[in-house]
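Lettering follows sequence order; numbering is per chain, from 1.
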Amino acid sequence: MTNKNPGAQLRLQRFFGQNETILLLVLLAMVTAITAVSPRFLGPENLFSILLSASYTGIFAIGFLLVLVSGGLDVSFTAVATVAQYAMGTVLLANPDISPALALLIPLLVGMALGSLNALLIHYLSAPPIIITIANLNIFFGLLQFITGGEWLNGFPEWFDHFPQTYVLSFENADGVKYGLSVIVMIWLAVAVVAGVLMHYFKAGRKLYAMGGNLEAARRAGIDILRYRIFAYGFLGFCAGLGGMVHTLITQTVVPNTLVGHEFDVVAAVVLGGASIFGGSGTVVGTVLGVGLLAVLSNALTIMKVPTYWHEVFVGAIVILSITITTLSALAARNREKKYHAQ
Amino acid sequence: QSIPKAKIKQFSVIFVPKLVGVPWFNSMTKGFEDYSKGSNIKYTVSGAANTDPAAQARLIEDAIAKKPDCILVVPNDTAVIEPAMKKGMAAGILMLTSEASTIVNAYADIEFFILAKEGKDMADIFVKHAGTKGGYAVMVGGLTNQGHNARADAAVEYLAKNYPDLKQVTTRLEGSENVQEAHDKTLQLITAYPELVGVLYVGSAGPIGGAQAVTEKGVQKRVAIVGSAVPSQAKKYLLDGSLKASYIGNPYLIGKDSAYIIERMLSGVKLEDVGNLPQFGAQTVSGRVITFHADAEVSAANADSFGF
Amino acid sequence: MLNNLLAASRAWGKRNAEMAALPFLLVGVVLLLSVAIEITSEGNVHFLSVENFGAMAAQIPELGLLSLAMMVTMLTAGINLSIISSANLVGVTMAITMLTFGPGAASAGLTLPLIVLTIVGGLLFSVLLGLFNGLLIAKLKITPVLATLGTMILYEGLTLAITKGYVISGMPEEFLVIASGDVFGVPYALIVFTVAAVVMAYVLQRRPFGRQLYMLGSNQTAASFSAVNIDRVILKTYMLSGLLVGLAAIIMLSRFSSANARQGTSLLLVTVLIAVLGGTDPDGGFGKVLGLVMALVIMQCITSGLNLLGISSFLTLGLWGALLIGVIAYRSYRAKNPGNRPKSVSA
Amino acid sequence: MSDFIAMRHVTKNYAGVQALKDIDFQLKRGEIHCLCGENGSGKSTLIKILSGVVKPDEGSEITIDGRVFPHLSAHEALEQGVRVIYQDLALFPNLTVKENIAFQSFSEKGSPMVSWNQVEKTARGAMSLIGLDLDLNRLTGTLPIAQQQLVEITRALIGEPKLLVLDEPTASLTRKEVNALFEVIFRLKSRGVTTMFVSHKLNEVFEIAERVTVLRDGERIGEYVPSEIDHKKLVFLMTGRKYESALPSPVDPLAPNLLEVKNLTRNGEFTDLSFTVKKGEIVGITGLLGSGRTELALAIFGMTVPDSGSLLLEGKAIKPRSNSDAKKLGIGYVPEDRLRQGVIQAQSILDNMSLTVLEKLKTTLGLLDKQKMKTDAQTWVKDLQIKIPSLDSSVKTLSGGNQQKVVLSKWLATNPKLLILDEPTIGIDVLAKNGVHDLVKKLATKGIGIILISDEIPEVLSNCHRVLVMQKGRFVHELVPGPDAERDLLENFNLS
Ligand SMILES: Nc1ncnc2c1ncn2[C@@H]1O[C@H](COP(=O)(O)OP(=O)(O)OP(=O)(O)O)[C@@H](O)[C@H]1O
Ligand SMILES: Nc1ncnc2c1ncn2[C@@H]1O[C@H](COP(=O)(O)OP(=O)(O)OP(=O)(O)O)[C@@H](O)[C@H]1O
Ligand SMILES: [Mg+2]
Ligand SMILES: [Mg+2]
């Protein structure tokens, strides 16, 4: 290595050693490989549909990221989403004439309320978040199913129907069918951008990182821990409500046991995106890439004509591989920094 | 009527469905209860919150401890519950199953469709809409769902034998219990296999997701979506033509006839002597399996008559 | 006499603060359920009955072994999310082995040796699966949640690829004895679990490895500066977890006489719940086998009891959650107001 | 001069532990006030109450600039200009240096957004105040502990500090940084900023303090002017006891070499190091921060592998690949970061003490002999005079000095030939320090070879037979403690 411009070199290495860059490279490599096997994969139609189907996981993931960054953990968000969508569905069926804005507000409020409840319990019981939220997962979901008997909801008003087919950018394919960038994807991206700006440019966001990095130091720096816990878990609750709403918009049904049990899909995406499970680090870009990676994988396996029975093997192997790559490169980066600064 | 009330034998029956909190089994339970209204049979439901076969085996063991007169199980996995069933029989309980024709440790198994007929009917309906040439795919709720696999096997076998030009494009997919998953997988199938003429779904959410997918891609005419959808949910899609046909039984009526069979057995009637059923009429008994056929094609016109 | 007993119990509670409330909870739960069931069933069904104990005894071993497998990893501040999928992979492999070689062995009168070989092979295999987790964590420095999340998917995928989703069933009668047989009314499976629990308690409390494991769970850096071979302890821990999973797999295979890719998936979070209820600290370093066993029995009583009461399993789910939060609230209250010491002695 | 801050009747009870009893404490504007006391006497607690991190019991009262508070919140304290540098650093390791320094501006009212330009400017300005030059974009957690301390100090200068509280800020600083720090304090004093200072290094107290308040067992002993008391008096006030320290007994010049280090090099850490340690000899290694002393220790202890050079123990070449190898060879190491590397705080004293010798405590069945474990531990408790409530109590209930003795006992139990002590008295009070020093000297008389790494020149000079000075990974000087030693170090290496 030359010593001409060690600073610039380090900056370059920092860039390539960055989790987001590595993930992007992994993603690009994967896309190239997939396209080589089945060229149909890369069509815009398929890509838009990947985005659409990843949108609710993507929304959950953004919320989950915030909680993770703040040093927390929450596995109850699927149950929160289910309760939220159920509440919206019930109201919609009971009052079909309710104003759309009001109807869509319901899941968000329910989500925020339940998310904040998590925060309050974690704060006042000073208990490990994973335990409190496992408990609440059971409570929220169990009570919902118990009270409603698990009835499926469908037959929502007309306006509700066409939502996902509202395109921001639309094209026509050879058959003359419209496709494009659905509003729903835009909702996801909007949440991502808002969260990204919040995390980087707002004091509140920086305080979440601070809390996740050193809770005691955050307390001493005068941060109102309870308030920001409510903020983080409440935001995840909001995202859970929004994700639940989006899920209902896409599927046109509320089936209580579809989301619950898929918590780890979201956890996997977020940590694949480079967020530390111990808090204090993680970025929105990384999270979006993590969600994208898993979505591309699950889409590509069918398109590449891989027999269904092998899908999970692939997913498992790729998850382990990506985590290994990001972990090792993070270690390498740290050593590089140390060496550089020791000079 | 002159028998004093205290002397009437009260029978207790525990119903262990695959899982609770889903419309199908809610409706079936209602069938049991409505049939037995005013009779001396009392039903309780004891089902797991998920389709984990191990969880179901645990529930059966708990149910046995309750010493009921009869336990009816709709297993998630027949093999898994055999030992538990055996225990129940040893405890002198009338152990019955449904949708488990291969069960060994039961006094009777109630089948509400004839597997061969089911396969043939589903296949015939499918072919009616998808044609006899091209590629097709089959989707089940879960790859480990034995009931779904059996139905899919039956239909695939029939199609392979009778329509050799209709080829399965890939191995069985899973996702038919989840609208979004079925929707996504169907889109992927459409993208990957231009020769696709139809998708056959076993599992009630699948056809809905499939119908949404073909609508989105405007290929309702080219790709036929057929499967076992819940009629009330399916109606909309049957009307707009994105769902070609649904083939399913009516759980409420199935519940009523099952209750009838249980009632007869509890009062000492042999399985062979059960006779015609109130709802579905004819039945056949072979070994310990009693079979009637409840499944029927659902169309836009008759969707409301299913009542669920 | 009574005073001695009281003093002893108080001393025990002090030494075992993390599980001090459990004996009372256990007694409370049993009493409450006995009375409730007696009343609602008009005396036909009893909680304290041979049938019910039989049902519970049949269910405790596998859940107990799985919870132990989860707990050892939690003591090192780790977690093992792959326990269920490992158990299924091992179960399916053993089932296929027995089915493939079973008929041949039977005609040669070698069924028993085949079973023994299969069991030994199965245990080795599951230790190997644990070792793989351990390698990811110790050598590649991947955090336990992520490593075992990956292997959870991978192992399930492998099982699915092997079975194509179908169930593998029809184990030899001789094998089924493990779950169905008993000595003096005590099922073999329960004996296996009891032995495993006692051995685990000894390993954790009285083997050098056990102490190292706790120390490492509290502060890995300090343990490593104390010349504890961290990598080796982690590898051993996950192998031990694998071994316990293997035992659970054998019992499950024998109990259900069958194996498939997704059995018992609902038990994963339950094992975490049991470990924590039993006083295991998810942050590592604390937790005892005795606490886990008590929590296991409490959970089993509640589940079976509510089943006997005919209460919806969804309500049971909710009650589990509420119970856990209740116990945590109690512990947190005790931590903030320790002892029955007067507020200020010197003032 | 009126009191800037007055604390009255301050009492704090931690779940049964009486940390402070009815304390009165005053700070005048612009003064430099030292707080002295043994470990656990309540200094940090008093500071935390002043900074609003800990809530005092009912009846306490704090007056700042005439405003009376029954208690403060962390936020209020910051608003009042109270800035604290905590003993256990309170940095955010996951944030960059500039963000850590400017973090306080995030709590100010005004725009909810972060101005990164402003953050950078603020951080740069504050660093220039104390002449610090660090990569602003580096993650703070990747800095060496001394530099983290400097970041923490820099951070306290942001905004309008009126009171700067330093809770043992010099524990991990060498003289050079300490001098720089004192300069900052004087500069701030000239701007009217008050300083409150806690240190266990009494010479520093005499150097800088204008007034001294002494605490003992949570009670206020009194307030003194340094010129009116001396070192011995202060120790007596703090501890209620007198002490004398002795020089180490001389080494037998004929004693065989225990350890020989020849041309040891590890790239980027240390270069071409050669030295010997005799049986019963105490060799001190001192130097500036980052000179590579810890790295040398880790290489001897088997935790890193040197790139070249050799190690001989009792004449035999050794190549420890891990610290368990080193342990088997008879080498022990007491690490510099007691809280993170030394003790396992949450676990019991018994478990901590026996961790290194578990294999030796096995019975024939392979199970641990709990009885032997206890009696062995009791012996160490008696021998080292460790003050503990019981063997089952967790280590975190002990004072720093006693914690350090637990670490020492853990290594003594392995029956080592060579013991490496890396900053063994950081953050422990005079008496405890003295206890550790006496112990070290006693061990040497038993034939154990000792390497004592320390920043504190008096510590190495009064406890070692020979002292090596290290700079940038090389030995630059060797001396034998004597009347001129201190001047020698000061003049040649700016070490005092
Ligand atoms: N959070 C806490 N919970 C319980 N006891 C505590 C807590 N913090 C401090 N103590 C106790 O209060 C007493 C005073 O502690 P403090 O930290 O104020 O001492 P100190 O004078 O700063 O000692 P050192 O010189 O070792 O830093 C000690 O006995 C300590 O054990
Ligand atoms: N001022 C500095 N600038 C750059 N790097 C430094 C600086 N101080 C320390 N380091 C690096 O940080 C690492 C550890 O620092 P630390 O303060 O523990 O020093 P050390 O090597 O243990 O020496 P000592 O024991 O003398 O403090 C060393 O590898 C050193 O290279
Ligand atoms: Mg202190
Ligand atoms: Mg050092």
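Heavy atoms from other residues, nucleotides or ligands lying under 6.0 Å from CZ of C/F286 number more than 12.
The part of A/L331 that comes within reach of chain C is its side chain, from C-beta onward, which places non-hydrogen atoms under 4.5 angstrom from that chain. Only the side chain of C/L81 comes within less than 4.5 Å of a heavy atom in chain A; its backbone stays farther off. Residue contact with chain A, scored on non-hydrogen atoms closer than 4.5 Å, involves the side chain of C/L149 exclusively.
The two residues C/I325 and A/A135 come nearest to each other via the heavy atoms CG1-CB, 3.6 Å. Across all non-hydrogen atoms, the minimal contact from C/G321 to A/I139 is C-CD1, 3.6 Å. Residues A/A317 and C/L154 share a closest heavy-atom pair of N-CD1, 3.8 Å. The heavy-atom pair separating C/I328 from A/A127 by the smallest distance is CG2-CB, 3.3 Å.
Taking C/L136, C/L269, C/L146 one by one and counting their heavy-atom pairs under 4.5 Å with chain A, the maximum is reached by C/L146.
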Geometric donor-acceptor pairs, no angle filter, chain C-chain A, under 3.5 Å:
| unit_1 | atom_1 | unit_2 | atom_2 | d |
| --- | --- | --- | --- | --- |
| C/R262 | NH2 | A/E312 | OE2 | 2.9 |
| C/K336 | NZ | A/Y124 | O | 3.0 |

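Here A/V315 pairs with A/L297, A/L301, A/V319, C/I153 under the side chain to side chain contact (heavy atoms under 4.5 Å, CB included) rule; sequence neighbours left out.
In this structure, CG on A/L144 lies 9.0 Å from CZ on C/F314, to the nearest 0.5 angstrom. A/F146 contributes atom CZ, which lies 7.5 Å from atom CD1 of C/I311 (distance to the nearest 0.5 angstrom).
Of the options C/L273, C/L277, C/L324, a side-chain contact (heavy atoms from CB on, under 4.5 Å) to A/I131 is made by C/L324 and by none of the others.
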